[in-house]
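Beneath this line is the structure, given in structure tokens, with notes to follow.
Every heavy atom of this structure was used, including side-chain atoms; hydrogens, water molecules and symmetry mates were not.
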Amino acid sequence: MVGEAPHRLRLLQDRRVCVWDLGRIGEQQPRDDAADGPPELMFVHAGHSGEVTEAAWDPGDSWLLASVSADNTLHIWQMDESNYSTDEVVAID
């Protein structure tokens, strides 16, 4: 895993990059969300066609990431803000 606490990246041999929020370990989650993984799993990037060999955050934008796979493909990607924002969404009628 690479990254700075409390967020970590895990590179998987099945062509995925997982983003984890270590601050969420042990949190309760709705039953419907449990099928998507543990509460600390924030996001899974599954766009590579080869094994992911490296990944890193942009030093100037903590939610912009780059990952490289064994087939020499570079992905530059960013999670949707809804994955990491702590602001509550309020519906206005």
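- Here Ala46 pairs with Arg16 under the side chain to side chain contact (heavy atoms under 4.5 Å, CB included) rule; sequence neighbours left out.
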Side chains of residues 32-44: which donor-acceptor partners sit under 3.5 Å, not counting sequence neighbours?
none

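- No more than 12 heavy atoms of other residues, nucleotides or ligands shown are found within 6.0 angstrom of CD on Glu54.
- Judged as a side-chain hydrogen bond (donor to acceptor under 3.5 Å, both in side chains), and not counting sequence neighbours, the contacts of His45 are His75.
- Side-chain heavy atoms closer than 4.5 Å link hydrophobic residues (I, L, V, M, F, W, Y) into clusters, and following such links, even through other members, never connects Ile76 to Val17.
- Under a hydrophobic-cluster definition in which Ile, Leu, Val, Met, Phe, Trp and Tyr are linked whenever side-chain heavy atoms come within less than 4.5 Å, directly or via other members, Val68 and Met79 are assigned to different clusters.
- Across Thr53 and Ala70, no two heavy atoms sit closer than the pair CG2-N, 3.9 Å.
- Among residues at least two apart or in separate chains, side chain to side chain donor-acceptor pair (under 3.5 Å) pairs with a member in residues 64-74 are His48-Ser67, His48-Ser69, Ser49-Asp71, Ser67-Trp77, Ser69-Asp71, Asp71-Thr73.
- Applying the salt bridge (Lys or Arg N to Asp or Glu O under 4.0 Å) criterion to Asp61, with sequence neighbours excluded, gives no partner residue.
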